[in-house]
J.: 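Have a look at this one.
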Amino acid sequence: MYCKSISVRDFRNIENAEVTFCEGVNVLAGENAQGKTNLLEAIFYASVGRSFRSAYTSQMIRFGCESADISLNFRDSKRDQNIHVRIFHDKQRLVEKNGVRAEKLSDIMGSFRSVLFCPEHLSLIKDGPSERRAYLDMAISRMYPMYIHSLQKYNHILKQRNALIKNAVADRETFNSTVELWSMQLAHEAAVISDMRLRFIRRAEVYISRFFSEMTDGGEQPKVIYHGNAGLCEDDYLDRKKTEERYLELLMSSHEREIYTGATLFGTHKDDLDISLNGKSARIYASQGQQRSLALSMKLAEGEICREEFGDYPVFLFDDVLSELDVRRRDYLINRMKDKQVIITTCEPDALSALIDGVKIKVSGGKYQSI
């Protein structure tokens with residue numbers, strides 16, 4: 001799969017632009033605030049239906065304009081395709097795939113597949129569990145619609161159950177009569193999510209080890225372990241019935257603690273990944289360079305699993321990460337991924353000279369020129 005071209009109108013600072021890409025490495029280079037990340041954001045939006053920067057739709061529409069348009073042309077393993085998105089200030093949007101209107105976002109999810117790596121992901125190892133859960137949710141959701149459905153249900157049930165807990169002191173009768181129903185539903189979805197997260201991590205770990213070894217001469221061995229909140233051994237999370245029963249047991253035996261804290265204490269919203277190097281916690285003992293190599297390896301592993309599932313690689317989007325990487329890791333991204341389409345943004349002039357083969361695009365004031 002690769003992105004052939006993208007047309008963008010009134011998106012961020014881009015008044016009107018059309019950019020064509022090669023099937024290999026594409027470097028968008030320019031000063032800050034010129035439109036490099038804006039174009040990458042437009043590509044990502046066409047892929048997943050949301051921004052990786054702002055949750056406010058109005059901020060994506062160029063000042064003084066009523067709407068923004070993104071039209072992305074791509075080639076998958078079978079044919080040329082197009083995704084067109086029009087964004088409005090009132091959070092409404094018009095989405096079309098190959099000229100046919102999509103009624104809901106899930107109708108196009110997975111059509112154009114991409115993997116994003118941005119500066120925030122460099123802290124994937126050292127930051128809190130929520131960052132690693134977000135990595136899992138984004139990676140799995142774009143491959144398995146069932147996971148999106150289960151995750152959405154889980155989050156809705158969790159919100160309702162938390163509201164019930166917060167109101168328990170004032171209305172204990174309602175709490176006592178309904179908490180089991182909410183707990184049963186939460187435990188069921190938690191079992192599905194746990195199972196899918198663990199299966200993904202076990203597949204990803206093989207690739208994480210390989211990529212980390214290639215970037216660091218193979219001196220250290222990474223290990224990634226799924227850490228669920230049910231207190232089960234890792235293999236047991238693959239048994240959905242056992243996981244569901246265990247979560248229900250925990251949820252039904254912790255009412256007083258939950259009322260005291262005002263929140264649900266058990267579930268997949270508490271999951272984490274234990275990431276280590278040679279048996280030592282990478283979060284605590286790994287150097288900054290090692291942590292970044294691990295984070296990059298995790299994102300590249302996401303792409304490999306996508307290839308396994310669909311038969312071709314997703315498009316890799318790297319936003320302004322070259323300045324955060326040393327020379328060896330820069331070279332790896334620029335010159336050792338030629339069998340994949342890569343679109344990189346950078347402020348670093350050296351990035352252009354380091355590119356052996358590919359497309360170089362100069363970005364200035366929302367304008368894009370191949371050089």
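In this chain, residues are counted from 1 in sequence order. If you're wondering where the values come from, they're calculated on a predicted model, not measured in any experiment.
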J.: Within a radius of less than 6.0 Å around NE2 of His89, do more than 12 heavy atoms belonging to other residues, nucleotides or ligands occur?
T.: yes

J.: For atom CD of Glu308, is the number of surrounding heavy atoms from other residues, nucleotides or ligands below 6.0 Å larger than 12?
T.: yes

J.: In Å, rounded to the nearest 0.5 Å, how long is the span from CD1 of Ile259 to NZ of Lys166?
T.: 13.5 Å

J.: Please report the interatomic distance CZ(Arg283) to CD1(Ile275), rounded to the nearest 0.5 Å.
T.: 10.5 Å

J.: To check you understand the geometry: which heavy-atom pair defines the closest contact between Asn13 and Gly366, and what is its length?
T.: ND2-N, 3.5 Å

J.: Which class fits the ring pair Tyr154 and His269: parallel under 30°, tilted 30 to 60°, perpendicular over 60°?
T.: tilted

J.: May I have the step-by-step check of side-chain contact (heavy atoms from CB on, under 4.5 Å) for Phe52 and Thr37, ending in yes or no?
T.: CA-CA 10 Å; Phe52 63 87; Thr37 298; 3.9 Å; yes

J.: Is it the case that Lys340 places NZ or CZ above or below the six-membered ring of Tyr313, under 6.0 angstrom from the centre and within 45 degrees of the axis?
T.: yes

J.: Whether the side chain of Asn26 engages the backbone of Phe21 through a donor-acceptor N/O pair (distance < 3.5 Å, no angle test) should be reported.
T.: no

J.: In the single-linkage hydrophobic clustering (I, L, V, M, F, W, Y; side-chain heavy atoms under 4.5 Å), do Val206 and Met196 co-cluster?
T.: no

J.: Is the distance between the ring centroids of Tyr237 and Tyr226 under 6.0 Å?
T.: yes

J.: Considering only NZ, NE, NH1 and NH2 on the basic side and carboxylate oxygens on the acidic side, decide whether Glu23 and Arg75 come within less than 4.0 Å.
T.: no

J.: Salt bridge or not between Lys299 and Glu302? Use side-chain N to carboxylate O under 4.0 Å.
T.: yes

J.: Using modelled atom types only, decide if a donor and an acceptor are shared between the side chain of Ser177 and the backbone of Thr174 within a distance under 3.5 Å.
T.: yes

J.: Say whether Leu116 and Met138 are linked into one hydrophobic cluster, either directly or through other cluster members, by side-chain heavy-atom distances under 4.5 angstrom.
T.: yes

J.: Whether the side chain of Gln34 engages the backbone of Asn32 through a donor-acceptor N/O pair (distance < 3.5 Å, no angle test) should be reported.
T.: yes

J.: Check this for me: does any side-chain nitrogen of one of Glu249 and Arg246 sit under 4.0 Å from a carboxylate oxygen of the other?
T.: yes

J.: Any sub-3.5 Å donor-acceptor pair from Arg93's side-chain atoms to Gly49's backbone N or O?
T.: yes

J.: Side chains of Asp69 and Ser7 only: does a donor on one sit below 3.5 Å from an acceptor on the other?
T.: no

J.: Decide side chain to side chain donor-acceptor pair (under 3.5 Å) for Asn229 and Asp271; before the verdict, give the C-alpha distance in whole Å, the side-chain angles of both, and the deciding distance to 0.1 Å.
T.: CA-CA 6 Å; Asn229 185 236; Asp271 281 357; over 6 Å; no

J.: Hydrophobic clusters here meaning ILVMFWY residues chained together by side-chain heavy-atom distances under 4.5 Å, can you tell me if Val179 and Val169 are in one?
T.: yes

J.: Is a salt bridge present between Glu189 and Lys153, judged by a nitrogen-to-oxygen distance below 4.0 Å?
T.: yes

J.: Would Asn98 and Gln81 count as a side chain to side chain donor-acceptor pair (under 3.5 Å) here? Give the steps.
T.: CA-CA 6 Å; Asn98 300 327; Gln81 300 206 58; 2.9 Å; yes

J.: Got a salt bridge between Lys126 and Glu131, using NZ or NE/NH1/NH2 to carboxylate O under 4.0 Å?
T.: no

J.: Is it possible for you to say whether Met146 and Phe310 belong to one hydrophobic cluster, with membership spreading through side-chain heavy-atom contacts below 4.5 Å?
T.: yes

J.: Using modelled atom types and a 3.5 Å cut-off, is there a donor and acceptor pairing between side-chain atoms of Ser213 and backbone atoms of Ser209?
T.: no

J.: Does CD in Glu234 sit with more than 12 non-hydrogen atoms of other residues, nucleotides or ligands closer than 6.0 Å?
T.: yes

J.: Within a strict 4.5 Å, meaning less than it, do heavy atoms of the His84 and Val95 side chains meet?
T.: no

J.: What residue pairs, at least two apart or across chains, pass salt bridge (charged side-chain N to carboxylate O under 4.0 Å, His left out) with a residue in residues 171-187?
T.: Arg172-Glu256

J.: Salt bridge check: are Glu66 and Arg86 linked by an N-O gap of less than 4.0 Å?
T.: no

J.: Flag this pair as yes if the NZ/CZ of Arg50 is under 6.0 angstrom from the six-membered ring centre of Tyr45 and inside a 45 degree cone about the axis; otherwise no.
T.: no

J.: Between Gln291 (side chain) and Ala282 (backbone), is there a donor-acceptor pair under 3.5 Å?
T.: yes

J.: From Cys118 SG over to Asp319 CG, what is the distance, rounded to the nearest 0.5 angstrom?
T.: 6.5 Å

J.: Would you sort out whether Asn82 and Ser71 count as a side chain to side chain donor-acceptor pair (under 3.5 Å), showing the intermediate values?
T.: CA-CA 7 Å; Asn82 171 267; Ser71 181; 3.0 Å; yes

J.: Could you tell me whether the side chain of Arg142 and the main chain of Ser114 form a donor-acceptor pair under 3.5 Å?
T.: yes

J.: For atom CZ of Arg133, decide whether the heavy atoms of other residues, nucleotides or ligands shown that lie under 6.0 angstrom number more than 12.
T.: yes

J.: Would Arg329 and Glu214 count as a salt bridge (charged side-chain N to carboxylate O under 4.0 Å, His left out) here? Give the steps.
T.: CA-CA 10 Å; Arg329 293 172 184 85; Glu214 290 176 358; over 6 Å; no

J.: Output yes when Arg202 and Asp235 qualify as a salt bridge under the 4.0 Å nitrogen-oxygen rule, no when they do not.
T.: yes

J.: For the pair Asp272 (side chain) and His227 (backbone), establish whether a donor and an acceptor sit closer than 3.5 Å, ignoring hydrogens and angles.
T.: no

J.: Could you grab the distance from atom CG of Leu72 to atom CD1 of Ile6, nearest 0.5 Å is fine?
T.: 5.0 Å

J.: Checking Ser111 against Lys97 for the side chain to side chain donor-acceptor pair (under 3.5 Å) test, could you report, in this order, the C-alpha distance in whole Å, the side-chain angles of both residues, the deciding distance, and whether it holds?
T.: CA-CA 9 Å; Ser111 298; Lys97 179 180 177 182; 3.0 Å; yes

J.: Please say which of Ile201, Asp195, Ile193 ends up in a side chain to side chain contact (heavy atoms under 4.5 Å, CB included) with Arg197.
T.: Ile193

J.: Does Arg53 offer a backbone N or O that forms a donor-acceptor pair with the side chain of Ser51 under 3.5 Å?
T.: yes

J.: Salt bridge or not for Asp320 and Lys36, using N-O below 4.0 Å?
T.: no

J.: Are Tyr2 and Ile361 connected into the same hydrophobic cluster when the rule is that any two of I, L, V, M, F, W, Y join if their side-chain heavy atoms are below 4.5 Å apart?
T.: no

J.: Decide, yes or no, whether a salt bridge links Asp312 with Arg307 under the criterion of side-chain N to carboxylate O below 4.0 Å.
T.: no

J.: To the nearest 0.5 Å, what is the distance between CG on Leu265 and CD1 on Ile165?
T.: 7.0 Å

J.: Could you list all the ring-ring contact (aromatic ring centres under 6.0 Å, His included) pairs where at least one residue sits in residues 170-220, not counting sequence neighbours?
T.: Phe175-His255

J.: Quick one: do the Gln290 and Tyr285 side chains pair a donor with an acceptor below 3.5 Å?
T.: no

J.: Could you tell me if the side chain of Lys280 sits less than 4.5 Å from the side chain of Glu220, heavy atoms only?
T.: no

J.: Main chain of Leu151, side chain of Asn155: is a donor-acceptor contact present, judged purely on distance under 3.5 Å?
T.: yes

J.: Check this for me: Phe88, atom CZ, are more than 12 non-hydrogen atoms of other residues, nucleotides or ligands nearer than 6.0 Å?
T.: yes

J.: Quick one about Ser47 and Arg113 (side-chain donor to acceptor, distance below 3.5 Å, no hydrogens or angles considered), yes or no?
T.: no

J.: For Tyr135, check ring pair (Phe, Tyr, Trp, His ring centres under 6.0 Å) against everything at least two apart and list the hits.
T.: none

J.: If the test is salt bridge (Lys or Arg N to Asp or Glu O under 4.0 Å), which one of Lys223, Arg199, Arg210 qualifies with Glu205?
T.: Lys223

